[in-house]
Student: 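Mind having a look at this structure? Questions to follow.
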Amino acid sequence: MTTAPDTISTETAAIEMRGIVKRFPGVVANDGINLVVRKGEIHALLGENGAGKSTLMNILFGLYHPDEGQIFVDGDEVHFHSARDAVDAGLGMVHQHFMLIPRFTVTENVILGHEGAGGLVLDRQAAAQRVGEIAASYGLKVDPAAKVGDLPVGMQQRVEILRALYHGSRILILDEPTALLTPQEVEELYGILGKLREDGGTIIFITHKLREVAAISDRVTVIRRGKTIGTRVTSETTAGDLAEMMVGREVLLRVDRPPARPGQEVLSCQDIVVTRPDGTTALDHLSLTVRRGEIVGIAGVEGNGQSELVEVLSGLRRPDSGSVHLNHRDVTQRDPNGFRAAGLSYIPEDRHGRGLVLDFPLWENVLLGNTEREPFVYDGRIDVGETKSITGRLMGAFDVRAPSPETIARTLSGGNQQKLIIARELQREPEAVLAIQPTRGLDVGAIEFVHRQLVETRDREKGILLISFELDEVLDLSDRILVIFQGKIIAEYESGKVTRTELGLAMGGRGQEEHLAAD
Amino acid sequence: MPRISSMVIVNIVNILGSIAAIIVALLAGAVLISIAGQQPVEAYRALLDGSINGKRAIAETLVYSCPLILGGLSFAVALRAGMFNIGIEGQLMIGGLAAGLVGALHLGLPLYIHLPLALLAAMAAGGIWGAIPGAMKAFSGAHEVISTIMLNYLAYRLTAYVVQKTGKWLPVQPSLQATKKVVPEARLPRILDGTRLHAGIIVAIIAAFVLWYLLFRTTFGYKVRTVGLSRGAAAYGGINWGLTITLAMLASGILAGLAGAGETLGLQGRQYTAPQGYGFTAIAVGLVGRNNPIGIIFAGILFGALNSGAPSMQADAGVSKEITQVLQGFVILAVAGFAVLNNSSLARKVLTSGQSRRRDRAAAIGTEPDVEVRAGPPAL
Ligand SMILES: Nc1ncnc2c1ncn2[C@@H]1O[C@H](COP(=O)(O)OP(=O)(O)OP(=O)(O)O)[C@@H](O)[C@H]1O
Ligand SMILES: [Mg+2]
């Protein structure tokens with residue numbers, strides 16, 4: 001910890017929120033929250049899924065109006081009517097789900113909302129230059145002329161940060177900024193935030209990862225079910241304490257996992273080749289096998305063929321060559337419902353673009369992928385009552401916090417959306433599960449729960465293939481770990497026989513030679 | 001406290017929004033009428049008089065509503081799948097032509113066989129005319145707005161051709177620019193003595209309930225709506241996008257074909273070669289009814305009333321009946337405006353911070369960039 005928060009405690013707070021209340025139909029999202037953020041600190045905001053963190057920050061940023069409560073910026077009370085007011089007051093926000101326009105360039109995205117009276121007629125060159133300067137001064141490596149839609153997630157996030165800085169933000173709100181980042185990108189983000197703090201910036205940082213709280217924050221505030229539980233100096237607290245404050249009970253940060261007793265093969269692919277539209281090879285004669293009763297984890301740096309592999313294994317994409325077998329059946333030519341019929345469940349990596357129809361109510365989302373399946377559907381007719389009651393039961397069993405099965409999925413907090421998807425996929429009693437980033441955005445309690453569900457599913461003699469960019473998750477959960485690199489499996493490890501460091505090295509393609517030599 | 005589901009709230013908000021929009025439109029119309037130097041109150045009284053006062057007036061309103069309801073349904077089912085069907089006019093005409101030709105044949109069949117035959121012919125013809133642009137989009141990505149407009153012209157010309165040139169083997173009457181008179185056994189019966197009201201309105205209302213059921217209670221409708229809202233989720237859910245949009249366009253064309261049949265078999269007694277423009281008003285009806293079949297019944301009746309009340313407004317209040325066209329325009333604008341307001345929290349965010357919320361950046365791992373950008377049907 002480089003700064004000493006106590007030395008600035010006498011100054012006015014950068015942000016003070018007092019008694020914030022926000023109600024939505026059927027939920028009190030914020031129930032009298034207090035938050036004090038000091039100038040020049042990195043303040044972590046911690047809380048369960050649906051605790052009300054995003055709502056609180058949206059209020060701070062002028063996107064929602066609080067029903068009650070006061071907000072002070074630098075000691076002065078403010079009443080924001082829109083995000084623009086907040087920006088004018090020196091705030092900037094990077095949302096949980098980014099808000100960039102994919103078809104625009106980095107510069108265009110950054111200057112949006114700041115074009116001045118001339119609208120889009122503006123001095124692009126000067127703007128691009130300024131964007132470049134800001135980027136350089138914070139070590140935000142990003143090409144101002146690149147199209148945002150073409151950038152990887154980590155880069156897109158930098159564009160969001162750049163936006164905030166360009167608009168003169170001194171107080172930066174980051175809503176789960178690391179959820180989508182690779183470990184390397186997280187390190188780089190830490191560097192950027194540290195620099196911002198040195199320059200006197202104030203940062204509010206929402207996360208579910210206790211390790212991150214410890215690594216970067218000066219102080220941390222925990223909220224639970226819309227109420228403030230307390231604020232602590234980070235260096236004076238422990239992960240266990242924080243987890244308990246968050247969830248209200250003791251949390252197992254690591255699920256107990258009896259040794260696997262692998263049985264027969266249940267999911268496998270042989271010699272899969274996939275070529276990307278640009279002619280590069282995504283999957284290069286890749287083969288793998290998942291047996292009943294085991295969790296196979298795939299570790300790898302993003303972009304090494306994981307997404308193509310998932311598409312092939314879920315029926316979303318036909319491989320150029322090779323075959324996929326599920327429960328002893330060749331399913332290579334089937335569509336996603338064909339895979340489901342053969343016993344697959346698939347927890348997708350992209351809950352908004354793939355796993356949910358955001359404008360459907362929860363019960364219609366439970367129907368997704370179940371349209372050919374009783375008791376949801378008989379002869380093409382939907383059994384609405386039954387689907388709703390199943391949804392209600394799943395919400396109970398998986399602790400999906402929402403007023404009712406009729407609630408529109410869009411209004412759920414990110415973590416609760418994820419839990420709904422997991423509930424839907426596991427209720428199907430699958431033979432094999434593809435779990436892609438299954439706990440992204442979940443709080444520690446929910447992660448414990450999902451991990452336990454996956455282990456229990458395994459122990460019911462099902463096979464699980466886990467793909468995660470979260471190394472700890474792969475290490476904690478997998479019975480076997482495969483490393484994917486440039487479309488090939490280049491290493492395989494038994495559970496507990498590999499360290500984080502070794503795995504990290506293998507993921508970078510190092511150690512490949514030795515491995516091949518050992519074959 | 002009784003818990004009101006958010007679906008119900010959404011519906012109530014939609015209905016209130018539509019009603020408010022109509023009020024705003026009427027007020028704007030009143031201003032316009034005053035500017036023209038006439039009495040808005042009297043004009044509206046005459047409008048009401050001509051559209052709902054008495055059996056005849058109500059009958060006329062419903063007569064106008066019939067093609068508008070069916071056309072509105074046609075527009076709605078396509079839009080639910082994310083398809084903007086501008087081709088209702090052409091599908092309607094082709095449907096009317098098929099109904100007119102089959103209906104004018106002297107087959108010696110009883111009503112309960114000949115009429116359904118004529119209706120089926122209209123549905124088949126309209127359905128094909130609708131499915132073509134759907135299939136074109138599914139296979140080659142051809143945009144439906146372009147292809148449906150082109151098919152409109154094709155429909156007009158084909159009708160003219162059939163009427164002019166096929167007299168040898170088809171029942172047409174080139175001198176009248178129309179098909180031959182539909183035989184009594186193929187006419188949609190009148191259902192109210194002394195008026196022009198025919199059974200087409202019953203067909204329209206039944207069609208609305210059937211479509212509601214299909215959309216919200218069957219997997220067909222579920223697939224249509226999913227495809228319209230999120231192609232990514234549809235693919236994940238094993239829903240074939242191309243097939244689904246083609247089927248939705250088929251359904252859309254069938255409904256438009258029925259609208260044409262209602263005019264031919266119920267009202268005119270034959271199919272003329274001149275397009276009547278119902279297909280375009282139908283788009284407005286679909287939007288005002290917010291793509292909900294039940295809402296469309298009411299929207300269709302509203303627009304029908306504007307049409308049927310226009311003559312008496314002109315006769316009794318001296319207000320040009322064209323003003324009703326302007327009123328229709330106002331209603332559409334106001335509904336569109338309210339829809340934007342409805343999404344206001346969202347719209348406001350997007351506008352004020354210059355950011356698009358449609359696309360979730362979680363999408364970045366392994367999805368086609370275009371999947372979620374697509375907005376699906378506007379929430380009108
Ligand atoms: N626009 C909305 N309409 C209705 N309910 C909402 C809306 N936004 C949030 N909520 C509800 O408010 C509660 C708090 O949500 P919020 O998004 O603030 O949680 P969060 O702490 O950010 O959770 P997560 O860690 O899962 O992102 C949830 O129960 C959510 O369903
Ligand atoms: Mg959140």
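Lettering follows sequence order; numbering is per chain, from 1.
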Student: Tell me whether the rings of A:Tyr346 and B:Tyr236 are parallel (<30°), tilted (30 to 60°) or perpendicular (>60°).
Tutor: tilted
Student: Is the ring pair A:His81/A:His65 parallel, tilted or perpendicular, if the boundaries are 30 and 60 degrees?
Tutor: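 Tilted: the ring planes of A:His81 and A:His65 meet at 30° to 60°.
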Student: Can you tell which part of A:Arg424 gets under 4.5 Å to a heavy atom of chain B, answering side chain, backbone, both or neither?
Tutor: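 When you check distances to chain B, only side chain atoms of A:Arg424 fall under 4.5 Å.
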Student: Distance-only criterion, 3.5 Å: show the donor-acceptor pairs between side-chain atoms of residues 250-257 of chain B and protein atoms not counting sequence neighbours.
Tutor:
residue: B:Ser252; atom: OG; partner: B:Ser74; partner atom: O; Å: 2.7
residue: B:Ser252; atom: OG; partner: B:Ser74; partner atom: OG; Å: 2.9
residue: B:Ser252; atom: OG; partner: B:Asn85; partner atom: ND2; Å: 2.8

Student: B:Phe220: which residues meet the ring-ring contact (aromatic ring centres under 6.0 Å, His included) condition with it, sequence neighbours left out?
Tutor: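 If we apply the ring-ring contact (aromatic ring centres under 6.0 Å, His included) test to B:Phe220, skipping adjacent residues, there are no hits.
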Student: Based on non-hydrogen pairs under 4.5 Å, which of A:Val357, A:Asp335, A:Asp85 is most in contact with chain B?
Tutor: A:Val357
Student: Output yes when a side-chain donor or acceptor of B:Thr148 lies under 3.5 Å from a complementary backbone atom of B:Val145, and no otherwise.
Tutor: yes
Student: Find the one option among A:Asn365, A:Val384, A:Thr411 whose heavy-atom pairs under 4.5 Å with chain B are most numerous.
Tutor: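 Most heavy-atom pairs within the cutoff with chain B belong to A:Val384.
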Student: Give, as side chain, backbone, both or neither, the part of A:Leu367 having an atom under 4.5 angstrom from any heavy atom of chain B.
Tutor: both
Student: Between chain B and each of A:Gly380, A:Pro336, A:Ala86, count heavy-atom pairs under 4.5 Å; write down the option with the most.
Tutor: A:Gly380
Student: Does any backbone or side-chain atom of A:Leu316 lie under 4.5 Å from a heavy atom of chain B? Answer side chain, backbone, both or neither.
Tutor: side chain
